[in-house]
Amino acid sequence: MTTNFAPMPDAHGFFGPYGGQLVPPFLKEAMDDIAKAYAEITQREDFQKELHDLQVDYVGRPSPIFHARRLSDQLGGAQIHLKREDLNHTGAHKINHCLGEALLAKFMNKTKVIAETGAGQHGVALATACALVGIACEIHMGQVDIEKEHPNVTKMRILGATLVPVTRGAATLKEAVDNAFEEYLKDPKNYFYAIGSVVGPHPFPMMVRDFQSIVGREAREQFLKKHGKLPDYAAACVGGGSNAIGLFTAFLGDESVRLVGVEPAGEGTNKPGRHAATLTMGKPGEIHGMKCYVLNNAAGEPDAVHSIASGLDYPGVGPQHSYLKDIGRVQYEVANDEETLDAFMRLSRVEGIVPALESSHAVAWAMRTAPTLGKDVNILVNLSGRGDKDADYVAHKLGL
Ligand SMILES: *Cc1c(COP(=O)(O)O)cnc(C)c1O
């Protein structure tokens, strides 16, 4: 029996009890405008053709699936296969939804695309997409992050984005979100706010998922063609959840495929504030305009979070993941900083692939699980990005 997941979310943006639009009325209007435009524009042949051509000729899709034979042999159990999103232009899966969002903004005749960025990955991918489609791009970034993430800051400037330093408060991601949002509210009719994962008010969790779902559609077809059957497991790291839902969507109806999301356990899930395992340790709540699992502190405020991978440290998570956890269709596991660092080094040295620290969480889970399974079992891992950005940090940390 196959389950039909197509109607998700409902017309109000709900995945079961999660999602929705927890925003003031005037903002709800702006979100509804985007939802309406999204439904219309994405049906248009000229939009679909332009997006498809750019995915092929610009991003370099389809990304290959690589059988990590040496790693699998060393582990002595299941076969590990990698969906190579690290080979995309700009080096990660984020270009998939940034391209979709920038193109949508252009088709909606918006004058400016606005976003915040933490470590700068979303900012660089969005600045790239905006340069390509020819639309102004404004990135808000905390002053503390600007000083830490120099290469990404330089890249955004080279790509022509306007960088707005945010100096208030702690001057990191949270303040950048507030600042970017205030700018957006000045003219929601002409500006487009580009969210960086499957989070926020409807329609963003649906839109970002749809733009990312190409990952799983390709992977399912590639795997079937190469092996004559589907993988037994499909695994991905979960921050907000965009690369994971991008992989999972095509497999939701395949009951034989076990889906695994891997959250960052940081320094340990028993240490509040020192991990970001939202689905594993959190509770249903509200954050950033949606209902979802949230990590809250005793005062009911979003808790501090930590992960060795800055792209995963978010105290909320996509509403569809929250739903998939509750119905048991996806199993959510964790990997800590130490295992993740091991996986980063092992994949680099055994296969010559330097993974992003975010993606290394999913690799760590696969490395831990493969030896417990037979040699005929196949694990497909979404390698969401490459580790060039992490190389200096890891080398310093390990004294290389
Ligand atoms: C940003 C990022 C992630 C985390 O975001 P999701 O929305 O959970 O996918 C994972 N991997 C890489 C390489 C990233 O840059």
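FYI, side chains are in, hydrogens and waters are out, and symmetry mates aren't considered; it's all heavy atoms of this structure. Order of appearance sets the numbers: ligands from 1, and atoms from 1 within every ligand.
Residue Asn243 places at least one N or O, backbone or side chain, under 3.5 Å from an N or O of ligand 1. Annotation: Gly239 places an N or O atom under 3.5 Å from an N or O atom of ligand 1; distance criterion only. In terms of polar-atom proximity, defined here as any N/O pair under 3.5 Å, Gly241 does make such a contact with ligand 1. At least one N/O-N/O distance between Gly240 and ligand 1 falls below 3.5 Å.
With atom 7 (O) of ligand 1 as the reference point, the heavy atom nearest to it among Gly118, Ser197, Gly196 is part of Ser197.
Numbered from 1 in the order shown, with element, the atoms of ligand 1 that lie under 4.0 Å from a heavy atom of Cys237 read 10 (C). Here is the list of ligand 1 atoms found below 4.0 Å of a heavy atom in Gly385: 13 (C). Residue contact check: Ser242 has heavy atoms under 4.0 Å from atoms 6 (P), 7 (O), 8 (O), 9 (O) of ligand 1. Below 4.0 Å from some heavy atom of Leu312 lie the following atoms of ligand 1, by number and element: 4 (C).
Taking the six-membered ring for Trp and the full ring otherwise, His321 and Tyr332 have centroids separated by under 6.0 Å. Tyr58 and His89 have their aromatic ring centers within a separation under 6.0 angstrom. Ring centers of Phe47 and Phe107: under 6.0 Å apart, within the cut-off.
Only one option out of Lys186, Lys110, Lys112 pairs with Glu138 in a salt bridge (Lys or Arg N to Asp or Glu O under 4.0 Å); it is Lys112.
In terms of protein heavy atoms, atom 5 (O) of ligand 1 is closest to Gly311 O, 4.1 Å. Of the protein's non-hydrogen atoms, the one nearest atom 14 (C) of ligand 1 is Lys94 NZ, 2.8 Å. The closest protein non-hydrogen atom to atom 12 (C) of ligand 1 is Ser384 OG, 3.5 Å. Protein heavy atom in closest approach to atom 10 (C) of ligand 1: Glu358 CB, 3.5 Å.
Residue Glu221 qualifies as open at atom CD: its count of foreign heavy atoms under 6.0 Å is 12 or below.
Because its NZ or CZ atom is both nearer than 6.0 Å to the ring centre of Tyr293 and within 45° of the ring axis, Lys325 counts as a cation-pi partner of that residue.
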| query | So Ser213 and Thr249, side-chain hydrogen bond (donor to acceptor under 3.5 Å, both in side chains) or not? Walk me through it. | reply | CA-CA 6 Å; Ser213 64; Thr249 299; 5.8 Å; no
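Ring pair His93/His97 is perpendicular by interplanar angle, where above 60° counts as perpendicular and below 30° as parallel. Ring geometry, His288 versus Tyr314: the interplanar angle falls under 30°, so the pair is classed parallel (tilted spans 30 to 60°).
The closest approach between any non-hydrogen atom of His93 and ligand 1 is below 4.0 Å.
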